Amino acid sequence: MVNSSGAPSSGIFISFEGGEGAGKSTQIRRLAETLQERGHTVLVTREPGGSPGAEAVRHVLLSGAAEDYGVRMEALLFAAARNDHVEEVIRPALSRGLIVLCDRFIDSSRVYQGITGNLEGELVDALERVAIDGLRPDLTLILDLAADKGLARARRRSEDSAAPSEPDRFEKERIEVHEKRRQAFLDIAAADASRCRVIDADRSEDLVAADILSQVETLLPSHAPETAE
Ligand code: TYD
């Protein structure tokens, strides 16, 4: 891939998107382990967050502390966090040749702030441009799951954990909002088919992991394109 200064960078940048409870973190962990076993150097990161500056902003966003100030304020904070993460962590990792697996990226802003937050499209686009400065994922995997199933999984996960947590600012919203987000992710995938792949997340963890790996393998340097017999 090529970074914004035009210099080639040898790493691979993969983002994971989807609604609550779609299994992104489990699948990212599994993919990272598989890639590491095969000798790749992998960086797992997430948004909002991923760098010290962005993690500080994450707390403000997910606690709901910025909610009262409106969607513009939140969108600017997501963009500020993303810019810090891109410049401090992702771009340097890619220039060192790492495979970067990022839990949420630009499409979450397009969907959560743009579509269900009703932020005007021009502002969404402008913030994205400033935040990423040309650094787009090579591949975006959208884990697709019906909203009611995802929310039920997310609730179970919280109840089973050693430290059950209250739903965050975004998890609290109504089921119709979650369903609208699901459709918005599917629309992004349809509009940008060269970057995005939709993964059916309503299957066993193993099947989803195998599907993800087969998509990622097409980007790996060792991958030889299949030839017709
Ligand atoms: P997180 O705890 O990371 O959960 P998840 O497992 O859902 O990824 O929560 C991140 C929340 O922030 C999630 O509800 C989506 C939201 N979000 C946005 O609204 N805009 C963004 O640009 C990003 C990156 C996340």
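This is a predicted model, so every value here is computed, not measured. Start at 1 and go down the list; that is how both ligands and their atoms are numbered. Every heavy atom of this structure was used, including side-chain atoms; hydrogens, water molecules and symmetry mates were not.
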Q: Treating Ile, Leu, Val, Met, Phe, Trp and Tyr as nodes and any side-chain heavy-atom pair under 4.5 angstrom as an edge, say whether I90 and L127 lie in one connected cluster.
A: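 Each belongs to a different hydrophobic cluster.
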Q: Is it the side chain (CB and beyond), the backbone, both or neither of A154 that lies under 4.0 Å from ligand 1, heavy atoms counted?
A: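 No part of A154 is near ligand 1 at this cut-off.
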Q: Which part of L61 is near ligand 1, with near meaning a heavy atom under 4.0 Å away: side chain, backbone, both or neither?
A: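 For L61, there is no contact with ligand 1 at all, from either part.
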Q: Kindly identify the option in E47, R104, H85 whose heavy atom sits closest to atom 13 (C) of ligand 1.
A: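 Among E47, R104, H85, the closest heavy atom to atom 13 (C) of ligand 1 belongs to R104.
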Q: With a heavy-atom distance limit of 4.0 Å, tell me whether I106 approaches ligand 1 through its side chain, its backbone, both, or neither.
A: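 Within the 4.0 Å criterion, I106 makes no contact with ligand 1.
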Q: What part of K24 sits under 4.0 Å from ligand 1 if we count only heavy atoms: the side chain, the backbone, both or neither?
A: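 It is the side chain that gets close, since no backbone atom is under 4.0 Å.
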Q: Looking at R38 and E217, is any side-chain nitrogen of the basic one under 4.0 Å from a carboxylate oxygen of the acidic one?
A: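 A salt bridge is present here (some side-chain N lies under 4.0 Å from a carboxylate O).
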Q: Quick one: does E74 get a heavy atom under 4.0 Å from ligand 1?
A: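 Not so, E74 does not reach ligand 1.
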Q: Just need the protein heavy atom nearest to atom 24 (C) of ligand 1, so name the residue and atom and give the distance.
A: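 The protein heavy atom lying closest is R82 NH2, 3.5 Å.
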Q: Can you tell me which residue and heavy atom of the protein come closest to atom 20 (N) of ligand 1, and the distance to 0.1 Å?
A: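 The closest heavy atom on the protein side is Q113 OE1, 2.8 Å.
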Q: Is R58 touching ligand 1 with its side chain, its backbone, both, or neither, if touching means heavy atoms under 4.0 Å apart?
A: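 Near ligand 1, R58 shows its side chain, while the N, CA, C and O stay back.
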Q: I'd like to know if R195 and D107 make a salt bridge, using a cut-off of under 4.0 Å between side-chain N and carboxylate O.
A: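 A salt bridge is present here (some side-chain N lies under 4.0 Å from a carboxylate O).
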Q: Numbering the atoms of ligand 1 from 1, which are under 4.0 Å from a heavy atom of D168?
A: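 Near D168, meaning under 4.0 Å from one of its heavy atoms, ligand 1 has 2 (O), 9 (O).
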Q: Does E20 reach ligand 1, in the sense of a heavy atom lying below 4.0 Å from it?
A: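 Contact present.
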Q: Among protein heavy atoms, which sits nearest to atom 11 (C) of ligand 1, and what does the distance come to when rounded to 0.1 Å?
A: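 Here the nearest protein heavy atom works out to L62 CD2, 3.6 Å.
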Q: Which residue holds the protein heavy atom closest to atom 16 (C) of ligand 1, what is that atom called, and what is the gap in Å?
A: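 Result: F170 CD1, 3.8 Å.
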Q: Between E179 and R174, does any side-chain N to carboxylate O distance fall below 4.0 Å?
A: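 Salt bridge between E179 and R174, a charged N being under 4.0 Å from a carboxylate O: no.
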Q: Could you tell me the residue and atom name of the protein heavy atom closest to atom 25 (C) of ligand 1, and the distance to it rounded to 0.1 Å?
A: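 The protein heavy atom lying closest is F78 CE2, 3.6 Å.
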Q: Flag the pair R72 and E120 as a salt bridge only when some basic side-chain nitrogen lies within less than 4.0 angstrom of an acidic carboxylate oxygen.
A: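 Looking at R72 and E120, the cut-off is met.
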Q: Would you kindly say whether S108 and E17 are connected by a side-chain donor-acceptor distance under 3.5 Å?
A: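 Note: S108 and E17 side chains meet the donor-acceptor criterion.
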Q: Taking only heavy atoms of Y112 into account, list the atoms of ligand 1 that are under 4.0 Å away from them.
A: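 Selected atoms, number and element: 14 (O), 15 (C), 18 (C), 19 (O).
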Q: Write out the residue and atom name of the closest protein heavy atom to atom 22 (O) of ligand 1, then the distance separating them to 0.1 Å.
A: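 Nearest protein contact, heavy atoms only, for atom 22 (O) of ligand 1 is S109 OG, 2.6 Å.
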Q: May I have the step-by-step check of side chain to side chain donor-acceptor pair (under 3.5 Å) for E47 and H85, ending in yes or no?
A: CA-CA 8 Å; E47 291 211 342; H85 185 212; 2.8 Å; yes
Q: Does the distance from a Lys or Arg side-chain N to an Asp or Glu carboxylate O, for R30 and E205, drop under 4.0 Å?
A: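 Here R30 pairs with E205 in a salt bridge, since their nearest N and O are under 4.0 Å apart.
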Q: Is the cationic atom of R82 (NZ for Lys, CZ for Arg) positioned less than 6.0 Å from the six-membered ring centroid of F105 and within 45 degrees of its normal?
A: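 Pair R82/F105 counts as cation-pi.
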Q: Do I28 and L220 sit in one hydrophobic cluster, given that two such residues count as connected whenever their side-chain heavy atoms are within less than 4.5 Å of each other, even indirectly?
A: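 Yes, it is one cluster - the side chains of I28 and L220 are joined through contacts under 4.5 Å.
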